[in-house]
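Read through the structure below, which is laid out as structure tokens, and then see the notes.
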Amino acid sequence: MGFTIGSIREIRELRELRSGTRRRGRAPVCTAVAEYTGLWGWDVVPGARATRVGGRTECSCGAPRCPSPGAHPLDESLLVPAGATLDEATAAWERVPGAALLLPVGRAFDVIEVSESAGRRALARLERMGLPLGPVAVAPNGRAWFFVATGAAAGLSRLLYRTGWDDAVLDLRGLGPGDHVTAPPSDLGGLGPVRWLRPPTLEGAGRPPQARLLLGTLAYVCHRELPGS
């Protein structure tokens, strides 16, 4: 599936923690970090959190004029690598209490971002068509993220050309190396939590679909949302 998970025992422990049968005093955020690293094989980076103070948004990074309050990594060197166990994830996150969970894009997956309304409509179409799908998340800023195989962001213009959508104005973009997405259940920029529309599975997380399989439908739905279309 593209990644190695430590042991069957660790997988069983994480699944039991998810179902609530074994909490062992772990903070929910530590369990979520361990799920991303141990079950899905993704790196996790601690991210800044945003708070509302006197009607304005402030970032936990401390910068007085932060350009992306609550939506950027705190320190890339604190990355929790794919394959980290529950104990390792807990120890790492105890160093950054209250941090948001960020997923680096361009390592295990790229992301195609569209509006939430287009994403919901496209997802329903893609499921009816029986196409392979990876995780899909929605953010409180009205955006939807489709997790796809790496390389999609760099090749997006070529893919749009091949599917005949290169001349269209589309509310669609690719996220790749250097980008991050906020992972559920973390808050994004003080706006609210990110949620899964289609949660990760072992198959979908380890082998996300090629963007070319989804792009035609995503582009079509985005185009239909344009005024006058």
Side-chain angles (χ1 to χ4, degrees), residues 1-7 10-11 13-15 17-18 23-53 57-111 113 134-135 137 139-141 143 145 147 150 153 174-196 199-200 205-206 208:
M1 289 183 294
F3 58 88
T4 301
I5 302 175
S7 70
E10 289 166 359
I11 298 173
E13 183 180 66
L14 282 168
R15 284 173 170 164
L17 280 164
R18 290 182 71 206
R23 292 293 177 185
R24 297 194 344 185
R26 306 281 187 176
V29 67
C30 295
T31 303
V33 173
E35 180 180 336
Y36 288 128
T37 59
L39 279 181
W40 313 136
W42 297 339
D43 296 339
V44 180
V45 176
R49 299 292 296 267
T51 56
R52 297 289 294 177
V53 179
T57 301
E58 293 189 354
C59 186
S60 63
C61 71
R65 298 181 184 274
C66 178
S68 302
H72 65 85
L74 282 175
D75 187 343
E76 289 280 4
S77 70
L78 299 178
L79 177 145
V80 185
T85 65
L86 179 59
D87 288 338
E88 291 168 342
T90 299
W93 225 253
E94 286 176 347
R95 298 169 57 191
V96 284
L101 281 67
L102 299 189
L103 304 176
V105 184
R107 300 181 183 185
F109 56 84
D110 277 10
V111 167
E113 179 186 280
N141 60 353
R143 309 301 290 174
W145 300 325
F147 287 43
T150 55
L175 305 179
D179 294 317
H180 296 77
V181 292
T182 301
S186 289
D187 175 277
L188 174 64
L191 299 174
V194 176
R195 297 175 290 109
W196 291 117

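Along the sequence shown, the residues carry numbers beginning at 1.
Heavy-atom minimum distance, Pro104 versus Leu79: CG-CD1, 4.2 Å. Contact between Arg95 and Leu78 at its shortest, heavy atoms only, is NH2-CD2, 3.2 Å. Considering every non-hydrogen atom in both Ala48 and Leu74, the closest pair reads N-CG, 3.6 Å. Listed here is the closest heavy atom pair of Ala34 and Leu86: CB-CD1, 3.5 Å. Between Pro208 and Ala108, the shortest heavy-atom contact is CG-O, 3.7 Å.
Within the structure, every pair that satisfies the salt bridge (Lys or Arg N to Asp or Glu O under 4.0 Å) test and touches residues 99-108, not counting sequence neighbours, is listed here: Asp43-Arg107. Residue pairs that meet the salt bridge (Lys or Arg N to Asp or Glu O under 4.0 Å) test with at least one member in residues 64-76, sequence neighbours left out, do not exist here.
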Please table the atom pairs, donor to acceptor, closer than 3.5 Å between any side-chain atom in residues 186-195 and protein atoms at least two apart or in another chain.
| from | atom 1 | to | atom 2 | distance (Å) |
| --- | --- | --- | --- | --- |
| Ser186 | OG | Leu101 | N | 2.8 |
| Asp187 | OD1 | Gly190 | N | 2.6 |
| Asp187 | OD2 | Gly192 | N | 2.9 |

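If you take CG on Leu102 and CG on Asp179, they are separated by 11.5 Å, rounding to the nearest 0.5 Å.
Counting only distance, with no hydrogens or angles, the side chain of Asp110 and the backbone of Ala153 share a donor-acceptor pair below 3.5 Å.
Arg143 pairs by the side chain to side chain donor-acceptor pair (under 3.5 Å) definition with Glu113, Asp171, not counting sequence neighbours. By the side chain to side chain donor-acceptor pair (under 3.5 Å) test, Thr57 is found to be paired with Arg52, residues two or more places apart in sequence or in another chain being considered. In terms of the side chain to side chain donor-acceptor pair (under 3.5 Å) criterion, residue partners of Glu88 (sequence neighbours excluded) are, by chain and number, Thr85.
At a threshold of 4.5 Å between non-hydrogen side-chain atoms, the residues Val181 and Leu175 count as touching. Looking only at side-chain heavy atoms (C-beta outward), Pro46 and Val33 stay at 4.5 Å or farther from each other. Contact annotation: the side chain of His72 approaches that of Cys66 to within less than 4.5 Å [non-hydrogen atoms, C-beta and beyond]. Here the side chains of Phe147 and Trp40 are not in contact, with every heavy-atom distance at 4.5 Å or above.
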(Q) Using ring-ring contact (aromatic ring centres under 6.0 Å, His included), reason through Phe109 and Trp145 one step at a time and then give a plain yes or no. (A) CA-CA 11 Å; Phe109 56 84; Trp145 300 325; over 10 Å; no

